[in-house]
Participant: 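I have a structure I would like to understand better, so I am pasting it below and will then ask my questions one at a time.
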Amino acid sequence: MRRLMHVFVMAIAMVLMLGLAGPAQAGPARPVPIKGTLVGTEADYPADTWETFPFAEEEQFVVGGETYDCGTPVIELVLGSYVGQFAHLGRTTLDLWACNAIDWTTGELSMVAGEIVLTAADGDTLTIVPAGDVVLGEPSDGYVDFVSPFAFASGTGRFADASGTLMEIGRSTWPDFPTGSDPWVRELTGTFRGEISYDASNRAAT
């Protein structure tokens, strides 16, 4: 009887331990909310000068000794750097480069090449891509409000197979265009909301 009782107690203990530990998450989980706020600076570099109209177009830009290959003629290169906090990422940086082209028949500006990468506090990265048109408000008092839709495309570590969507509601300074080929520099603040699926069990950045 004592032996049976001992086995019974051990079995209950194992069930409790397994229940408390739970199974390791493998693969992307169901979507969970994600949000964050970033503050930073963007600098737009023209293909030639801001005074040229229609704007000149180039396939390559060299800034700070680094070459950015757009793969097709574009009117500008945008470089951006931001910092802030993001759910699931902690202290976060965002770095981007983007080659923007314009459709002269519609006036639509679009990103045709580039990369937008969020880097989490532990070094895991999360790549996002544009997922629709950017909606700009009317510039007022030196600022403009905007809404930008994104999708999660790839990443490293726990974000290697991330998927989901992200919406940015932001505000940018709207200074006068510089003369010549000087960069057009703007300060931005963006608040992000969306949903993400990722594998939280893959903790090592790769």
Side-chain angles (χ1 to χ4, degrees), residues 22-45 63-64 66 68 76-100 109-137 142-175 183-206:
Q25 178 181 319
R30 61 181 179 81
V32 293
I34 184 171
K35 61 182 180 178
T37 299
L38 298 174
V39 177
T41 303
E42 280 188 0
D44 297 18
Y45 296 84
V63 177
E66 186 166 355
Y68 298 88
E76 67 178 0
L77 170 72
V78 181
L79 301 180
S81 181
Y82 313 83
V83 295
Q85 290 286 140
F86 249 86
H88 311 287
L89 283 80
R91 184 68 173 172
T92 305
T93 62
L94 184 152
D95 296 288
L96 77 85
W97 67 274
C99 298
N100 288 336
L109 192 71
S110 59
M111 175 180 162
V112 297
E115 187 174 60
I116 308 172
V117 178
L118 293 161
T119 302
D122 66 354
D124 287 353
T125 63
L126 183 56
T127 301
I128 61 177
V129 295
D133 295 334
V134 177
V135 178
L136 283 175
Y143 292 89
V144 65
D145 295 322
F146 62 91
V147 178
S148 300
F150 297 99
F152 299 115
S154 63
T156 62
R158 65 191 185 280
F159 301 122
D161 297 311
S163 62
T165 58
L166 193 66
M167 186 70 71
E168 177 186 11
I169 299 175
R171 167 165 284 195
S172 169
T173 57
W174 196 262
W184 186 42
V185 180
R186 295 168 289 116
E187 304 295 325
L188 291 87
T189 299
T191 299
F192 299 80
R193 296 286 188 276
E195 286 190 333
I196 186 172
S197 297
Y198 68 97
D199 183 355
S201 68
N202 189 357
R203 306 300 301 176
T206 56

Participant: Decide yes or no for F159 and Y198: does some side-chain heavy atom of the first lie under 4.5 Å from some side-chain heavy atom of the second?
Facilitator: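 Touching, per the 4.5 Å side-chain cut-off.
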Participant: To the closest 0.5 Å, what do you measure between CG (L77) and CD (E66)?
Facilitator: 9.5 Å
Participant: Surrounding CG of L136 (heavy atoms of other residues, nucleotides or ligands, distance under 6.0 Å), is the total greater than 12?
Facilitator: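 For L136, atom CG is crowded (more than 12 foreign heavy atoms under 6.0 Å).
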Participant: Anything under 30° is parallel, anything over 60° is perpendicular, the rest tilted; go ahead and classify F192 against F150.
Facilitator: tilted
Participant: Quick one: does E42's side chain get under 4.5 Å of W184's, heavy atoms only?
Facilitator: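 Counting from C-beta outward, E42 and W184 never come under 4.5 Å.
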Participant: May I ask you to check whether Y143 and W174 place their ring centers less than 6.0 Å from one another?
Facilitator: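 They do not qualify: ring centres at least 6.0 Å apart.
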Participant: Under a 4.5 Å cut-off applied to non-hydrogen side-chain atoms, are S163 and F152 in contact?
Facilitator: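 The answer is no, as the side chains (C-beta and beyond) never meet within the 4.5 Å cut-off.
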Participant: Which heavy-atom pair separates A162 from L126 by the least distance, and what is that distance?
Facilitator: CB-CD1, 3.6 Å
Participant: What's the separation between atom CD1 in I196 and atom NE2 in H88, rounded to the nearest 0.5 Å?
Facilitator: 6.5 Å
Participant: How long is the span from the CG atom in N100 to the CE atom in M111, to the nearest 0.5 Å?
Facilitator: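 So the gap between those two atoms works out to 8.0 Å.
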Participant: Does a side chain donor of either E187 or T173 reach within less than 3.5 Å of an acceptor in the other side chain?
Facilitator: no
Participant: Mind checking whether V63 and Y68 have side chains closer than 4.5 Å, heavy atoms only?
Facilitator: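 Yes, side chains in contact.
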Participant: Tell me, do I34 and L166 make a side-chain contact under 4.5 Å, heavy atoms counted?
Facilitator: yes
Participant: For the residue pair T119 / T125, report whether a side-chain donor-acceptor contact shorter than 3.5 Å exists.
Facilitator: no
Participant: Of all heavy-atom pairs between A43 and V185, which one has the smallest distance, and what is that distance?
Facilitator: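 Result for this residue pair: CB-CG2, 4.2 Å.
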Participant: Supply the atom-to-atom distance L94 CG to E168 CD, rounded to the nearest 0.5 angstrom.
Facilitator: 8.5 Å
Participant: So F146 and V135, do their side chains get closer than 4.5 Å, heavy atoms only?
Facilitator: no
Participant: Between the side chains of R171 and D145, is the shortest nitrogen-to-carboxylate-oxygen separation below 4.0 Å, so that they form an ion pair?
Facilitator: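 A salt bridge links D145 with R171.
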Participant: When you look at W97 and E115, which way does the side-chain contact (heavy atoms from CB on, under 4.5 Å) test go after all the steps?
Facilitator: CA-CA 6 Å; W97 67 274; E115 187 174 60; 3.6 Å; yes
Participant: When you compare the side chain of L79 with that of Y45, does any pair of heavy atoms fall below 4.5 Å?
Facilitator: yes
Participant: If you compare all heavy atoms of L38 against all heavy atoms of Q85, which two are closest, and at what distance to 0.1 Å?
Facilitator: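 Nearest pair, atom of L38 first, then Q85: CD2-N, 4.4 Å.
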Participant: What pair of heavy atoms forms the shortest contact from L188 to R186, and how long is it?
Facilitator: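 So the two residues come closest at CD1-O, 3.5 Å.
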Participant: Roughly how far, to the nearest 0.5 Å, is OG of S201 from CZ of R158?
Facilitator: 11.0 Å
Participant: To check you understand the geometry: which heavy-atom pair defines the closest contact between T156 and G123, and what is its length?
Facilitator: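 Looking at all heavy atoms of both residues, the shortest contact is OG1-O, 4.3 Å.
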Participant: Do L109 and E76 come within less than 4.5 Å of each other through their side chains, counting heavy atoms only?
Facilitator: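 Yes. Closest side-chain heavy atoms under 4.5 Å.
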Participant: Which heavy atom in S81 sits nearest to a heavy atom in D95, and how many Å separate them?
Facilitator: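 Taking S81 first and D95 second, the nearest heavy atoms are OG-OD1, 3.5 Å.
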